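Just so you know, these numbers use all the heavy atoms, side chains as well, and skip hydrogens, waters and symmetry mates. These figures come from a predicted structure and were not determined experimentally.
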Amino acid sequence: MPAIHHFSRGFVLAGLLAAALSVLAMPAAGQSRGQPEDGLDDVLAASMAGEYALQSGRLDEAADWYLRAARAAADDPGLAERAARIALLANDDALAGEAIKLWKQRAPRSLAMRSAEATWLLRSGRERAARRELEAMLRDPEPEGWRHALAALGSGTRDPTASAKVLGRLIDAGAIPDQLQAWLAFGGLAQRFGELPLAERIVQEVVRRFPDEPRVALLRVSQQREAGDIEAARRTLAAIEDQALVSPELRLAIAAEYDNLGDPAAAARIMARGPQDERSYGLRASLLVKAGDKPALEQVYAELRSEAGTPDPGQRLLLGQLAEYLERYEDALEWYRSVPGGEQRRVAQLRATKVLHDLGRGQEAFAALRALQSDAAVNEDTRRDAYLLEAELHKEDGDAEAERDTFARGLAAYPDEGALLYARALMWERRDDIARAEADLRRILVAEPENVAALNALGYTLADRTTRYAEALELIDRARVAEPDNAAIIDSYGWVLYRLGRHEEALVELQRAWRLMRDPEVGAHVAEVLWVLGRRDEAREYFEKARELDPENRSLLRALRKTGADI
């Protein structure tokens with residue numbers, strides 16, 4: 001079950017009820033396209049029906065209803081825009097074209113409108129017209145023009161090769177503005193398309209235009225890494241290491257590339273250059289933990305401890321975390337207990353109980369957590385998080401009954417608390433109790449109908465662990481409306497398309513998710529679809545990539561068992 005961040009647009013329950021009542025008096029949206037709109041000139045009723053369909057995850061119906069509302073409201077371009085955007089998300093090119101036409105008739109041409117039209121033109125296969133519109137946006141004197149063109153090109157076509165072809169012709173036309181940020185963005189887009197020759201061409205052009213700019217070298221490193229030329233990427237990075245002293249941002253970017261190359265120790269070495277602050281110390285520590293370099297961690301700990309004369313909350317919290325990483329648990333406990341106040345104090349109180357548990361003083365740790373849970377002087381977030389941490393510690397102990405009891409006590413104290421319900425749903429899913437996982441996620445959605453994390457988690461669970469694929473698709477589509485570019489949601493969407501037997505469509509979406517987020521679960525999904533399509537060698541490559549990220553990933557192991565792939 002993929003974990004994604006929470007989001008809410010504050011959906012009004014009263015509006016949902018009104019829409020539900022109004023839709024009962026109307027014919028089904030699916031019966032209406034191309035028919036006279038007898039009695040459907042009620043803009044409010046049609047838009048409410050559209051919102052009801054949207055909240056139910058029926059994007060095709062929602063676009064149809066909003067288009068009806070737009071036709072009936074001749075002075076409201078907003079309805080036409082909404083219909084266009086929903087139709088594009090629903091991959092309904094015919095509806096999108098009609099909605100965009102209305103939008104253009106009723107509002108001045110804006111960059112947002114032109115971007116939507118370019119997206120539609122690309123999806124409709126009208127590449128020449130799309131290219132003209134994209135070039136006009138790129139040449140627009142408005143500073144944001146190239147960003148709108150980038151968004152349209154990135155989301156327009158379902159075929160990355162076709163988008164790359166359009167991008168190449170825009171470069172031929174000299175349309176990309178002479179701005180480093182724009183060239184870097186389009187270079188990154190070419191990499192996401194998997195078009196390495198085009199990415200290399202962009203890199204060469206950027207080097208020619210901006211020869212002294214270190215961010216150009218970073219783009220080259222990224223391109224070399226994508227091409228699998230790790231040694232060349234290392235040489236390019238080594239040549240610009242001194243740029244880490246120029247600014248904290250460059251230091252962070254160079255370190256990030258070393259980390260992307262699988263060398264967190266080198267990344268930590270870069271972060272050690274130049275002035276140090278709480279952030280750089282923290283990043284160095286996390287990188288060294290990742291590298292398993294305890295001697296270097298000891299050095300960071302000693303550096304930071306020598307500066308700990310004043311009771312700075314952030315510094316003392318970090319010292320506690322470093323001591324905990326180093327398994328110097330008594331020191332960690334002392335540092336955590338010395339944090340004087342603020343948000344850091346809240347974190348330190350909880351970390352101290354984890355340290356007690358690691359010291360083998362479990363009863364003391366659980367007693368401290370329960371004291372926090374019942375302390376009225378402690379803020380509500382800390383009390384709630386004390387239940388979450390207690391459940392996590394019981395999980396580490398393998399005490400399933402105690403974990404379940406902790407969630408029960410937490411929800412008795414905080415009924416319908418979303419974080420507790422979500423965590424318990426993950427517990428039920430891990431135990432293959434899908435009915436209870438679904439019940440908890442639906443409780444979240446009663447209170448927060450547009451909670452994207454819950455929508456995506458429930459939709460994915462139904463797609464992955466049941467045969468209720470149509471229902472899963474509706475839930476995932478609701479999440480897509482809120483966050484269409486969220487990689488975890490795109491993965492869920494691709495997975496439910498696969499389960500529906502729409503394998504080619506699924507592969508497009510899953511590969512898009514992989515380009516946005518290198519995650520073992522996403523990699524396993526891409527591999528399984530490729531395997532079913534008979535592309536076994538490609539599937540093995542993705543299985544191997546997923547295993548490199550996390551060999552114990554549950555989705556990966558299930559996919560390997562299911563396919564019988566030998567890697």
Under 3.5 Å side-chain donor-acceptor pair for E528 and Y498: yes

Flag side-chain contact, heavy atom, 4.5 Å: R436 against D440: no

Answer yes or no for R480 and Y493: cation-pi contact, defined as NZ/CZ to six-membered ring centre under 6.0 Å and angle to ring axis within 45°. yes

Decide if atom CD of E380 counts as having more than 12 heavy atoms of other residues, nucleotides or ligands within a radius under 6.0 Å. yes

V339 backbone acceptor or donor facing R316 side chain under 3.5 Å: no

If we count only N and O atoms by modelled type, under 3.5 Å, do the side chains of Q321 and Y336 hold a donor and an acceptor together? no

Taking only residues two or more places apart in sequence or in another chain, which ones pass ring pair (Phe, Tyr, Trp, His ring centres under 6.0 Å) with H394? F366

Pair R468, E438 - check salt bridge (Lys or Arg N to Asp or Glu O under 4.0 Å), show working. CA-CA 12 Å; R468 293 155 59 189; E438 178 182 353; 2.7 Å; yes

When you measure from the side chain of E483 to the backbone N and O of D485, does any donor-acceptor pair fall under 3.5 Å? no

Can any side-chain N or O of S56 pair as donor or acceptor with the backbone N or O of R58 at less than 3.5 Å? no

Between E521 and Y460, is the side chain to side chain donor-acceptor pair (under 3.5 Å) condition met? List the steps. CA-CA 12 Å; E521 188 164 355; Y460 177 80; 2.5 Å; yes

Tell me, yes or no, whether the heavy-atom count around K545 atom NZ, taken from other residues, nucleotides or ligands under 6.0 Å, exceeds 12. yes

Keeping the roles fixed (side chain from W120, backbone from D93), state whether a donor-acceptor pair exists under 3.5 Å. yes

Charged N-O contact under 4.0 Å between R147 and E144: yes

If we ignore hydrogens and angles and just use 3.5 Å, is the side chain of D385 paired with the main-chain N or O of L388 as donor and acceptor? no

Correct closest heavy-atom pair for D399 and A402 would be OD1-N, 3.1 Å

The residue among R547, Q511, R535 that forms side-chain contact (heavy atoms from CB on, under 4.5 Å) with Y542 is Q511

Can you tell me if D277 and S280 form a side-chain donor-acceptor pair at under 3.5 Å? yes

Going by the angle between their ring planes, with limits at 30° and 60°, are H525 and W495 parallel, tilted or perpendicular? parallel

Could you please spell out the steps behind the side-chain contact (heavy atoms from CB on, under 4.5 Å) verdict for L369 and L393? CA-CA 11 Å; L369 284 167; L393 296 181; 3.9 Å; yes

Any heavy-atom pair between the side chains of L219 and Q191 that's under 4.5 Å? yes

State whether the number of non-hydrogen atoms from other residues, nucleotides or ligands found under 6.0 Å of R279 atom CZ is greater than 12. no

Determine whether a donor-acceptor pair (N or O, by modelled atom type, separation under 3.5 Å) exists between the side chain of T353 and the backbone of A365. no

Answer yes or no: is there a donor N or O on one side and an acceptor on the other, between the side chain of R499 and the main chain of D464, under 3.5 Å? yes

Rounded to the nearest 0.5 Å, what separation is found between the CD atom of E257 and the CG atom of D263? 12.5 Å

Does a side-chain N-to-carboxylate-O contact under 4.0 Å join E474 and R478? no

Under-4.0 Å salt bridge between R465 and D432: yes

Hey, are Y414 and R384 close enough side-chain-wise for a donor-acceptor pair under 3.5 Å? no

Using atom types as modelled and distance alone, determine if a side-chain donor or acceptor of R351 lies under 3.5 Å from a backbone N or O of L333. no

Does the distance from a Lys or Arg side-chain N to an Asp or Glu carboxylate O, for R502 and E509, drop under 4.0 Å? no

Any Lys/Arg nitrogen of R443 or D416 sitting under 4.0 Å from an Asp/Glu carboxylate oxygen of the other? yes

Verdict with reasoning, K354 to E392, per salt bridge (Lys or Arg N to Asp or Glu O under 4.0 Å): CA-CA 10 Å; K354 175 68 167 65; E392 181 65 24; over 6 Å; no

Are any non-hydrogen side-chain atoms of L462 and L458 less than 4.5 angstrom apart? yes

Salt bridge check: are E403 and R430 linked by an N-O gap of less than 4.0 Å? yes

Would you say that N456 contacts S492 through its side chain, given a criterion of any heavy-atom pair below 4.5 Å between the two side chains? yes

So, E51 versus Y66: side-chain donor-acceptor pair below 3.5 Å or not? yes

Nearest-0.5 Å distance, CD1 of residue I434 to OG1 of residue T461: 6.5 Å

Any ion pair linking E401 and R404 (charged N to carboxylate O, less than 4.0 Å)? no

